[in-house]
> 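Have a look at the structure that comes next, please.
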Number of protein chains: 2
Amino acid sequence: MHKAGAEKYTRQRQAAIRAAAAVFAEKGFHGACTKDIAERMGIKQGSLYYYFKSKQEALSEVCLFGIQDYVQHMEDISGSEQSFEAKLAATVTSHLSSYRERNEALKVYNDERLYLPEAKRSRLKELGSHYRQQLEEIFEDGKKSGAVRESMDCHFAAQAVIGMCNAWGDLIVRDPELDLFRVIHKCTDLLINGFIQQTNTTNRN
Amino acid sequence: MHKAGAEKYTRQRQAAIRAAAAVFAEKGFHGACTKDIAERMGIKQGSLYYYFKSKQEALSEVCLFGIQDYVQHMEDISGSEQSFEAKLAATVTSHLSSYRERNEALKVYNDERLYLPEAKRSRLKELGSHYRQQLEEIFEDGKKSGAVRESMDCHFAAQAVIGMCNAWGDLIVRDPELDLFRVIHKCTDLLINGFIQQTNTTNRN
DNA sequence: AATAAATTCTATAGAGCTATAGAAATATTG
DNA sequence: CAATATTTCTATAGCTCTATAGAATTTATT
């Protein structure tokens, strides 16, 4: 067993989480085998169990890694003093950027978290719900400031934004050629300006 | 082996496809086992192979079942003479309704089709691409008629609509309490009216 | 260099799952 | 009813995968 002071352990464990993320993203939790994960980081199958006590634990760590930092971003955005449009744009940017930076872990969180044991899953679910709630509040505040129309269902709107980001995130992970900033720009544009031809110019950028 | 004239076979095979859809939707293709599928339709594991030659074939049939009919709907919508708004609303309605009617098969198509062998997958992919293309054309036509703003990226818009419908479809499948028509209405409203407060009233319903 | 600690390896038990074969049961037809 | 066809069952070969144990190797410490 490792001891404090041996920092190779933490480095390798992080590598294991990233390797697991990549393999789970490609083959799914049940489709992936521990051999794939181990080989991706250049060790043998059995050695992986020096870093995880089970395959489930690997999934659990990947999922946590996947969201912890875009949840943190939302905390910052939500607390800041910006216009509704700026907050919405920041949310989209942070969410989509996470798909690139976090090495598939966010995709794994979305697609495979339901295979976690109940206890772990509900802890992660809290984080996810909190994220959605904060986005919902951004919409509520937008209503108060007059940026968002009265008739908007804010719960629904938050869900829709997250769904749209995840759909695009999927494509971002699958296709490394895809220009992240182009996608961010288009998503933001769509959310702020909508599909429809409008004659007033108040909310264009 | 069965023979023509024995219509129990086709009835049971359809039941097998629905059972497989439910199980694959819940546990994923690799997480599901043929025992689960068989038991759900009240037969034993081995008997399932009277209807499928492999687990892969079951997946293949489920995926096909999942899309064939909403792809067909799009064909009708695309060919019809309606306003942009009406076509968009019809698309959302058809897409989301499929999630309820088709017994989880559409969800399986979205989440598990990448585990199909290449040959099958590319045949299904064609259907999916065709669907997106037709939606894209609806947007292009909308531009020509002035309903959609010039600056809209139609390819992107189509992708976004599909992504949003799929995100909501997931929730519809997961939660049978969720009111389908409420979701359809809200999605349509969001797509047509957008998030933002507008001063002109041209495109409200 | 000798000793101890940390990391990786090999080998495997034990479990679960797919797909098949052939028997048994059920339904259909003459 | 007897003969035939269809559907389901039981049993299992053969494979893959997880997780563990203990040996071997590498890295750090005295």
> ring-ring contact (aromatic ring centres under 6.0 Å, His included) with A:H30: which residues, sequence neighbours excluded?
A:Y115
> I'd like to check the salt bridge (charged side-chain N to carboxylate O under 4.0 Å, His left out) partners of B:E118; sequence neighbours left out, ordered by chain and number.
B:R121
> Partners of B:K107 by salt bridge (charged side-chain N to carboxylate O under 4.0 Å, His left out), sequence neighbours excluded?
B:D111, B:D170
> Could you give all pairs that pass the ring-ring contact (aromatic ring centres under 6.0 Å, His included) test and reach residues 156-176 of chain A, with sequence neighbours left out?
A:F156-B:W168, A:W168-B:F156
> Can you list everything that forms a salt bridge (charged side-chain N to carboxylate O under 4.0 Å, His left out) with B:E112? Sequence neighbours excluded, please.
none
> In whole Å, I'd like the distance from the CD atom of A:E7 to the C1' atom of D:dT27.
11 Å
> Whole Å only: how far is the CE atom of B:M41 from the P atom of D:dT7?
11 Å
> Listed in order of residue number, which residues of residues 18-40 of chain A have a non-hydrogen atom at under 4.0 Å from DNA chain D?
A:A32, A:C33, A:T34
> Without decimals, in angstroms, what is the distance between B:Y51 OH and D:dC9 C1'?
13 Å
> Evaluate the criterion ring-ring contact (aromatic ring centres under 6.0 Å, His included) for residue pair A:F65 and A:Y109; output intermediate values, then yes/no.
CA-CA 9 Å; A:F65 179 68; A:Y109 166 78; over 10 Å; no
> Roughly, in whole Å, what's the span from CZ in B:R13 to P in D:dT7?
12 Å
> Hey, what bend do you get for the helix from C:dA1-D:dT30 to C:dG30-D:dC1 if you fit axes on five pairs at each end, rounded to 10°?
10°
> Starting at atom CD1 of A:I43, determine the distance to atom C1' of C:dT10, rounded to an integer number of angstrom.
14 Å
> For A:Y49 and B:G42, take the nucleotide of DNA chain D holding the closest heavy atom to each; which residue's nucleotide lies nearer the 5' end?
B:G42
> Not counting sequence neighbours, which residues clear ring-ring contact (aromatic ring centres under 6.0 Å, His included) with B:Y49? List them please.
none
> Between B:K8 and D:dT8, does any side-chain N or O lie under 4.0 Å from OP1 or OP2?
yes
> What is the separation between atom NZ on B:K53 and atom P on C:dA21, rounded to the nearest whole Å?
15 Å
> What's touching nucleotides 11-16 of chain C from the protein side, N or O pairs under 3.5 Å?
none

> Report the residue from B:K55, B:R113, B:R13 that forms a salt bridge (Lys or Arg N to Asp or Glu O under 4.0 Å) with B:E61.
B:R13
> Please enumerate all residues that pass side chain to side chain contact (heavy atoms under 4.5 Å, CB included) together with A:S151, with sequence neighbours excluded.
A:R149
> From the options D:dT18, D:dT8, C:dT8, select the nucleotide whose nearest atom is closest to the side chain of A:K55.
D:dT18
> What is the separation between atom OH on A:Y50 and atom P on C:dT8, rounded to the nearest whole Å?
8 Å
> Within a strict 4.5 Å, meaning less than it, do heavy atoms of the A:H95 and A:V161 side chains meet?
no
> With sequence neighbours left out, what residues match B:Q134 under side chain to side chain contact (heavy atoms under 4.5 Å, CB included)?
B:M74, B:E75, B:S78, B:H130
> Considering only side-chain heavy atoms of A:S47, which listed nucleotide, C:dC9, C:dT7, D:dT8, is closest?
C:dC9
> Taking atom P of D:dT18 as reference, at what distance in whole Å does atom NZ of A:K44 sit?
17 Å
> Only counting residues at least two apart or in another chain, list the ones meeting salt bridge (charged side-chain N to carboxylate O under 4.0 Å, His left out) with B:R182.
A:D153
